[in-house]
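Read the numbers this way: they start at 1 and go in the same order the structure lists the ligands and their atoms.
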Amino acid sequence: MVTRTEPNIVITGTPGVGKTTHCEVLAERSGLRHLSINQIVKDKEAHEGWDDEFQSWVVDEDKLLDAMEDDVSKGGCILDWHACDLFPERWVDLVVVLRTDSTVLYDRLKSRNYPEAKLQENLDSEIMEVLLQEARDSYSEEIVVELKSDDSDQMETNIDRIEAWIKQWKEDHPE
Ligand code: DAT
């Protein structure tokens, strides 16, 4: 039973596909709250330390989910994270998997000065559709959508689509 009056949306994908950019624009236009999971991991210390090789936090998932529970159960959250299988199905109304052409992604990650191992792992992950598979394995297929994010026209189209979906969700779930 969904008791939320606003939907929760996961925006996921390989680092560099445009999650944060999409979430920020979508939050501004829709009024939903952008939850950067990276930021929550840092702020709530929901991690077991820093992995030097991959330049990322080793996340303590239980602690992270506990820190998010109150906020997410109210609804109206856009969850921005490069994984999605940890979020309980009961939290999630839509999963958007952003995808980017590997040459475009290479340039974006290169300009972030990613270490070689991290850059290569992320490119492989995008080519192997790891996040798309993770989303499909974790949620029912009707709520998983794959959207291209190579350029700003595609981003505009994506935002329009997600906004239309939010409007429809609200009509289908009146207060
Ligand atoms: P992520 O949060 O998935 O790591 P980001 O939002 O930080 O990605 O985007 C990485 C960079 O790529 C940033 O400089 C913005 C740019 N970018 C992302 N998606 C784009 C798109 N669809 N069109 C143009 N630039 C994009």
Side-chain angles (χ1 to χ4, degrees), residues 7-44 46-47 50-59 61 64 67-68 71-72 76-87 91-92 94-139 143-166:
N8 288 320
I9 300 173
V10 173
I11 298 201
T12 192
T14 310
V17 291
K19 298 181 292 296
T20 303
T21 317
H22 277 72
C23 288
E24 283 172 354
V25 177
L26 190 61
E28 197 172 306
R29 294 202 195 157
S30 67
L32 269 57
R33 303 185 299 288
H34 172 200
L35 296 192
S36 161
I37 307 304
N38 245 331
Q39 199 60 47
I40 297 173
V41 167
K42 274 188 269 181
D43 292 350
K44 306 283 182 183
H47 58 76
W50 178 256
D51 183 319
D52 235 7
E53 187 186 353
F54 289 100
Q55 298 282 302
S56 64
W57 297 105
V58 181
V59 175
E61 292 190 359
L64 172 65
M68 297 171 65
D71 210 9
V72 175
C77 293
I78 311 168
L79 309 185
D80 167 2
W81 184 235
H82 58 258
C84 63
D85 60 353
L86 70 167
F87 304 125
W91 280 7
V92 181
L94 178 69
V95 182
V96 175
V97 184
L98 296 177
R99 302 298 312 282
T100 302
D101 180 83
S102 53
T103 53
V104 176
L105 188 62
Y106 178 89
D107 291 342
R108 288 184 194 162
L109 296 181
K110 198 78 188 161
S111 68
R112 276 184 180 175
N113 294 321
Y114 268 23
E116 197 55 35
K118 188 171 175 176
L119 194 150
Q120 203 52 55
E121 193 197 59
N122 284 313
L123 274 182
D124 288 350
S125 164
E126 184 59 14
I127 292 163
M128 306 283 287
E129 309 193 323
V130 171
L131 259 300
L132 183 61
Q133 203 50 52
E134 181 176 315
R136 287 182 174 155
D137 289 345
S138 309
Y139 303 95
I143 70 163
V144 177
V145 289
E146 177 187 11
L147 298 177
K148 289 285 285 172
S149 173
D150 291 340
D151 55 43
S152 45
D153 283 352
Q154 288 179 342
M155 185 169 106
E156 276 302 320
T157 309
N158 296 343
I159 301 286
D160 287 348
R161 273 187 68 176
I162 303 168
E163 276 193 283
W165 179 91
I166 294 169

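Among residues at least two apart or in separate chains, side-chain hydrogen bond (donor to acceptor under 3.5 Å, both in side chains) pairs with a member in residues 9-21 are Thr14-Glu126, Thr20-Asp80.
Side-chain contact between Ile9 and Trp165: present, with at least one pair of heavy atoms (C-beta onward) separated by less than 4.5 Å.
Shown here are the side chain to side chain contact (heavy atoms under 4.5 Å, CB included) partners of Glu121, two or more places apart in sequence or in another chain: Phe54. With sequence neighbours excluded, the residues forming a side chain to side chain contact (heavy atoms under 4.5 Å, CB included) with Asp52 are Trp50, Gln55, listed by chain and number.
Between the side chains of Asp101 and Thr103, at least one donor-acceptor pair of N or O atoms lies under 3.5 Å.
Between Met68 and Ile40 the shortest heavy-atom distance is CG-CD1, 4.2 Å.
Protein residues lining ligand 1, listed by chain and number: Thr14, Pro15, Gly16, Val17, Gly18, Lys19, Thr20, Thr21, Arg108, Arg112, Ser149, Asp151, Ser152, Met155 [non-hydrogen atoms, distance under 4.0 Å].
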